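Since the structure is predicted, the reported quantities are computational estimates derived from the model, not experimental observations. Note on naming: letters A, B, ... go to the chains in the order of the sequence lines (proteins, then strands), and numbering restarts at 1 for each one.
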2 protein chains.
Amino acid sequence: MSTTKRNTWQREAVRARLAEAQGFVSAQQLYSVLRDEGSTIGLATVYRNLAQLTEAGEADSLQSLDGENLFRSCSTGHHHHLICRSCGETREIKASVVEEWASRVGAEHGFSEIEHVVDLFGVCERCRSKA
Amino acid sequence: MSTTKRNTWQREAVRARLAEAQGFVSAQQLYSVLRDEGSTIGLATVYRNLAQLTEAGEADSLQSLDGENLFRSCSTGHHHHLICRSCGETREIKASVVEEWASRVGAEHGFSEIEHVVDLFGVCERCRSKA
DNA sequence: GAGCTTGTTGCGAATCGTTCCCATCAAGGT
DNA sequence: ACCTTGATGGGAACGATTCGCAACAAGCTC
């Protein structure tokens, strides 16, 4: 093999904090949590590791409505999200309907290699009653 | 009424170029097209007008996979997009299946005021055969 | 048309998220 | 212990977008 991947406490730290966060977190958030804990990890490293974890399928990412990349420790398999605009609570949702629809529509238009971005934003019950 | 909206040649210019562009364009792209034509319009103004047109429902916007805001002059009504990753060609698609699915899933989880982001990216026929 | 009010503009500075560069460090095999 | 080379950190660099503000001008009113 050519590319060997090494384990560093930094990557472990990112993985750990990501796992214990509920909902999606931004790289910056993760970074400040880590620094506040006294870690000397660098911002660039957080970004690198998040990207790597995402690529490895250990995390998934999405863009918030205002263009920030958010990450979340992820159960395997393709799925989408239902996210509370107010408190950030997230539910993973399976959507075979949508998967099927996406590839069908793509095919109908002669498109291949379809990727889709499908995420729902709303207000959860708890936040609604608070307002 | 309190907020009166004025018509400026700048807004008109943005509207015009946006309309004649096929597919989605970024604010920056629009800006350089305009400047290349000799316009003295400012970048901030392009952003401001795009935001305004979007809010007014004359354009719709989405984020490209790499986090840039793209805009397109828009036929009215809610719809989604199928975009060629390679040449940028865009097809508007109606997706009642998805609309219905979105609100159903939202409701099942007790969420209200559901907004959804649903866009498909793929490679169109033409680009595929070129490769 | 003159005058006034106030939405708009252009510009440069300022943010913000993210990536790059690179000398230094250290993980994991030998 | 010793190398090789992936990984790190930090500060500079970047690209997209927004802000601040003084100068402008659109659309009244008279």
Between P of dC14(D) and CD of Q28(B), the distance in whole Å:
15 Å
Within the sub-3.5 Å range, which N or O atoms of nucleotides 27-30 of chain C have a protein N or O partner, and how far apart are they?
from    : atom 1 : to    : atom 2 : distance (Å)
dG28(C) : OP1    : N7(A) : N      : 3.1
dG28(C) : OP1    : N7(A) : ND2    : 3.4

Let me spell it out: for each of R11(A) and L43(B), pick the nucleotide of DNA chain D with the closest heavy atom. Which residue's pick is nearer the 5' end?
R11(A)
Is there a side-chain polar atom (N or O) of R35(B) under 4.0 Å from OP1 or OP2 of dC11(C)?
yes
Within the pair Q10(A) and dA26(C), is there a side-chain N or O less than 4.0 Å away from OP1 or OP2?
no
Length of the CD1-P vector between I41(A) and dA26(C), whole Å
14 Å
Is the distance between the ring centroids of F121(B) and H81(B) less than 6.0 Å?
no
Please tell me which of the listed nucleotides, dT8(C), dG10(C), dA7(D), lies nearest to the side chain of T45(B)?
dG10(C)
Round to the nearest Å and state the distance from E68(A) atom CD to dA16(D) atom P.
17 Å
Search all heavy atoms of S39(B) against all heavy atoms of W9(B) and return the closest pair with its distance.
OG-CZ3, 3.6 Å
How long is the line joining OH of Y31(A) and C1' of dG10(D), in whole Å?
8 Å
Using 0.5 Å steps for rounding, measure from the NE2 atom of H109(B) to the CD atom of E125(A).
12.0 Å
Could you check whether E12(B) pairs with R15(B) (Lys NZ or Arg NE/NH1/NH2 to Asp/Glu carboxylate O, under 4.0 Å)?
yes
Whether T54(A) side chain and L50(A) backbone form a donor-acceptor pair below 3.5 Å:
yes
I need the CD-C1' distance between E55(A) and dG6(D), as an integer number of Å.
15 Å
With hydrogens left out and only the distance checked, is there a donor-acceptor pair under 3.5 Å joining R48(A)'s side chain and the base of dG9(D)?
yes
From the candidates dC11(C), dT17(D), dG9(D), the one with an atom nearest any side-chain atom of A27(B) is dT17(D)
With a 4.0 Å limit, can you tell me whether Y47(A) has a side-chain N or O closer than that to the phosphate oxygens OP1/OP2 of dT19(C)?
no
Sugar-phosphate only, base, or nothing, as touched by S26(A) at under 4.0 Å among non-hydrogen atoms
nothing
Could you tell me whether the phosphate oxygens of dT18(C), OP1 or OP2, come under 4.0 Å of any side-chain nitrogen or oxygen in N69(A)?
yes
Calculate the interatomic distance between L53(B) atom CG and dT8(C) atom P; express it in whole Å.
12 Å
Salt bridge (Lys or Arg N to Asp or Glu O under 4.0 Å) evaluation trace for E89(B) with R91(B)
CA-CA 7 Å; E89(B) 184 186 339; R91(B) 314 276 178 88; 2.8 Å; yes
Within 6.0 Å of CD in E20(A), more than 12 heavy atoms from elsewhere:
yes
Distance, rounded to the nearest Å, where E12(B) contributes CD and dA25(D) contributes C1':
16 Å
